[in-house]
Amino acid sequence: MTSPTTKAALSQPATEPTSCLFDNWIDPIETAVRRRVRSFIEALIESELEAALDRPRYGRRATVNDDSAEPSPGAVGHRHGKRARKLTGTFGTTEISVPRARLVRPDGGTTEWKSQALRAYQRRTLAADALIAGSYLAGTNTRRVRRALTTLFGGAVSKDIVSRTWRKVKSDWDAWNARSLADEPVVRLILDGTVVRVRLDRKATAISLLVVMGVRADGQKVLLAVRSMGGESAEAWRTGLDDLIRRGLRRPEFLIVDGAAGLDAAIAAVWDGVPVQRCTVHKHRNLLAHAPERLHEEITSDYTDMIYATSPEEIEARRKAFLRKWRLKNRAVADSLEEAGERLFTFARLPPSQWKSARTTNAIERLHEEFKRRIKTQTVLPSAETAAMLFWALLASGQITMRKVDGWQTLATHPIAQPIDLAA
């Protein structure tokens, strides 16, 4: 039987609790931690000022020794009050008291003392900025970053702060684009483009990012360039390759490309004679595009048998068989394979241990997929430069890492000069 008290309680409308169970437990801890943090920061800045003035607060200037009246060398100056500053860090937002002082210059004038620990107009610690930028790089838009970090920063982070923090990355981006490549021991290049949507003239527009990845002599992959050139024309790729050469990139020993005509023309203009491998995955897609869906499985089976054969001789035999069969069954498929020429089988001139990494542009394709996964929530990026910078930042920040290529132990072995026999 239900008591009157219980009935009264059940008859009242349910309301959401004003606080969570753990709030009252955690609040004293957070308060104590922030108080300690504030004291530590203030003590740090105070010690810095004491070193600059060569004396503690309320103290006279120190002397070299007790027997000499000569003061120790150091800055001369005086304190003149304090000012309050708010600082946001991974510990939250706290208000600190920053001492002020004026230092005497050699010419007799004075200048305002500036702390090196707390920069002028600094409102956030570098760790806080890194946390904000890292959340953005993880694929969260500015508003969601603000909501996610509201509790940590006590509501001190707006979407505008997230955007400004991200824009600070631009200085590192500019330096990366201008760095010298003369000391990069790159022996192989992988080149490909990817399409992203950006806002141009207030309209969502699809543009191409041209991506160049290098493989060092030790097998480690490294991003060399990300450029927004609008499209993948020969002129666009030539501009990008010329910039790499101008910054000291040495002539590569091997190139892996997606088969775009513009890229082929640009390569011929700057690195004629370098062995070039057409991506076998891209060519597979081309073949399927030339046939009805009912033939896709059969084409894939024949193509895979050819590409993944275990020796150059076996590749040559299966290629001839593929052409004989598909010239009769679907001429467009055979013509598409012949279009690639010997460049589809350049990998066969390398040691077999390198074939897996040399057959495709998969190394860049994986970056493209991860990049697009991260920007999915943003739909349209604000500008073409932002798209390129975001791609670079995912690697520069460690959000995406790259391992060595398969078969790196034999990278010192140069490709043989004899290409596969294409007579069929």
Side-chain angles (χ1 to χ4, degrees), residues 181 184 186-194 208 210-217 219 221-225 227 229 232-245 249-287 303 306-309 312 315-316 319 335-365 368 405-408 410-423:
L181 299 175
E184 280 286 4
V186 171
V187 296
R188 180 183 298 178
L189 292 183
I190 309 172
L191 307 97
D192 196 8
T194 186
S208 291
L210 308 186
V211 184
V212 181
M213 179 186 293
V215 178
R216 294 174 177 152
K221 291 175 285 191
V222 56
L223 186 66
L224 296 178
R227 295 178 66 94
M229 303 298 295
E232 296 190 54
S233 65
E235 293 76 12
W237 273 111
R238 177 67 187 272
T239 301
L241 297 183
D242 284 344
D243 180 66
L244 293 176
I245 294 171
L249 182 67
R250 65 184 66 177
R251 181 183 174 90
E253 298 175 3
F254 195 83
L255 300 170
I256 307 174
V257 302
D258 61 355
L263 177 55
D264 287 342
I267 289 174
V270 297
W271 289 319
D272 189 30
V274 174
V276 177
Q277 168 65 43
R278 282 275 297 270
C279 176
T280 57
V281 172
H282 282 79
K283 176 48 66 177
H284 180 213
R285 296 171 188 161
N286 294 153
L287 297 182
Y303 183 78
M306 172 181 60
I307 294 298
Y308 292 95
I315 292 174
E316 178 184 349
R319 177 188 175 276
D335 291 344
S336 180
L337 182 70
E338 286 189 303
E339 177 273 330
E342 68 179 43
R343 288 188 169 190
L344 191 62
F345 307 97
T346 309
F347 69 87
R349 297 162 60 183
L350 298 172
S353 60
Q354 295 184 38
W355 287 10
K356 181 179 179 181
S357 63
R359 271 191 291 247
T360 70
T361 58
N362 280 356
I364 284 185
E365 292 289 340
H368 294 341
V405 298
D406 292 314
W408 61 268
T410 58
L411 277 176
T413 305
H414 297 287
I416 61 174
Q418 181 62 39
I420 191 170
D421 182 9
L422 294 184

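Just so we're clear, the structure is a prediction, and the values are computed from it rather than from any experiment. This chain uses plain numbering: 1 for the first residue, then up along the sequence.
- Legend: residues meeting ring pair (Phe, Tyr, Trp, His ring centres under 6.0 Å) with His284, ordered by chain and number and at least two apart, are Tyr303.
- Looking only at side-chain heavy atoms (C-beta outward), Phe254 and Val276 stay at 4.5 Å or farther from each other.
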Take Thr361 and Val281, measure what side chain to side chain contact (heavy atoms under 4.5 Å, CB included) needs, and give me the verdict at the end.
CA-CA 8 Å; Thr361 58; Val281 172; over 6 Å; no
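- Closest of all the heavy-atom pairs between Arg238 and Ala266 is N-CB, 3.7 Å.
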Checking salt bridge (charged side-chain N to carboxylate O under 4.0 Å, His left out) for the pair Glu184/Arg216: CA distance, chi angles, key distance, verdict?
CA-CA 7 Å; Glu184 280 286 4; Arg216 294 174 177 152; 2.8 Å; yes
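- Side-chain atoms of Arg359 and Tyr308, non-hydrogen and from C-beta on, do get closer than 4.5 Å to each other.
- Taken from CG in Leu244 to CG in Leu224, the straight-line distance is 6.5 Å, to the nearest 0.5 Å.
- No donor-acceptor pair closer than 3.5 Å links the side chain of Glu232 to the backbone N or O of Gly262.
- Here Leu337 contributes atom CG and Leu287 contributes atom CG; the two are 6.0 Å apart, rounded to the nearest 0.5 Å.
- A distance of 6.5 Å separates OG1 in Thr280 from CG in Leu344, rounded to the nearest 0.5 Å.
- Of all non-hydrogen atoms in Leu411 and Arg188, the two that sit nearest each other are CD2-NH2, 3.4 Å.
- Annotation: salt bridge (charged side-chain N to carboxylate O under 4.0 Å, His left out) contacts of Arg278 (sequence neighbours excluded): Glu339.
- Inter-residue side-chain proximity for His368 and Val211 is flagged as met; some heavy-atom pair is nearer than 4.5 Å.
- Summarising the geometry of Asp264 relative to Gly259, their closest heavy-atom pair is OD2-O, 3.9 Å, with the distance given to 0.1 Å.
- Here the closest non-hydrogen pair linking Phe347 and Ala358 is CB-CB, 4.1 Å.
- Note that CE of Met229 is 4.0 Å distant from OG1 of Thr239, once rounded to the nearest 0.5 Å.
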Carefully, step by step, assess Val212 and Leu191 under the rule side chain to side chain contact (heavy atoms under 4.5 Å, CB included).
CA-CA 5 Å; Val212 181; Leu191 307 97; 4.0 Å; yes
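- The two residues Ser336 and Lys283 have their closest heavy-atom pair at O-NZ, 2.8 Å.
- Taking all atoms of both residues into account, the shortest heavy-atom contact from Leu249 to Leu181 is N-CB, 3.9 Å.
- The line from CZ of Arg251 to CG of Asp272 is 7.5 Å long, rounded to the nearest 0.5 Å.
- Interatomic distance, Gln277 CD to Glu342 CD, rounded to the nearest 0.5 Å: 10.5 Å.
- Within the 4.5 Å cutoff, side-chain heavy atoms of Trp355 are placed close to those of Ile315.
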